[in-house]
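Just below is one structure, and these are the notes that go with it.
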Amino acid sequence: MISKLVENAINAQIKVEEESSRIYLAMASWLETKGFPGAAAFLYRQTEEERMHLLKFIKYLNDRGGSAQIKELKAPQTKFKSLKEVFEKVLKHEEFVTASINTLYGVTIKAKDYTTSTFLQWFITEQIEEESTMRSIIDKMALLGEDKSGYFLIDKELATLALAPITAV
Ligand code: FEO
């Protein structure tokens with residue numbers, strides 16, 4: 001049986017993951033209307049990936065005798081200035097998610113719930129990968145400077161990244 005402390009902390013993380021999914025959904029939709037089909041496809045994929053994260057937490061918590069809570073969410077930002085701004089916001093959000101996972105990990109250590117600490121290892125590794133992917137996309141955009149034609153190539157590259165399978169294990 002999971003402790004109330006860890007249960008509450010996982011429920012807080014479930015909310016973060018669901019919010020992430022909605023934030024990327026709003027971004028993907030905006031990009032789709034602004035002529036960036038590849039970037040939109042990539043963020044639609046991220047939406048699915050965040051949904052998979054949230055399901056992973058829900059199933060884990062329910063399996064351990066806890067009760068997953070689906071909470072009210074605030075509306076995400078729906079308008080942006082540029083493709084670059086979108087990805088800067090994605091990176092900033094992923095850094096927030098990493099900090100949130102680390103806080104949750106700290107709660108499990110304090111509660112001596114090492115089963116949950118081990119479960120969280122997958123998410124810790126996943127966050128390193130997600131932050132690194134977003135950073136490399138932003139780095140490429142920074143190299144372009146004012147060269148708008150290069151954004152077409154980045155959009156094409158993002159369309160390829162969007163085809164990567166979403167893994168849950
Ligand atoms: Fe589920 Fe991108 O953090």
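Read the numbers this way: they start at 1 and go in the same order the structure lists the ligands and their atoms.
- Contact annotation: the side chain of Q13 never approaches that of H53 to less than 4.5 Å [non-hydrogen atoms, C-beta and beyond].
- By the 4.5 Å heavy-atom criterion applied to side chains, F123 and V97 are not counted as neighbours.
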Practice item. Decide yes or no on side chain to side chain contact (heavy atoms under 4.5 Å, CB included) for V90 and F42, but give the supporting numbers first. Key: CA-CA 12 Å; V90 172; F42 176 75; over 6 Å; no

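- Around atom 1 (Fe) of ligand 1, protein N, O or S atoms at less than 2.8 Å number 3.
- Judged purely by distance below 3.5 Å, without hydrogens or angles, the side chains of E32 and Y44 pair a donor atom with an acceptor atom.
- Ring pair W30/F80 is perpendicular by interplanar angle, where above 60° counts as perpendicular and below 30° as parallel.
- Qualifying ring pair (Phe, Tyr, Trp, His ring centres under 6.0 Å) partners for F152, counting only residues two or more places apart in sequence or in other chains: none.
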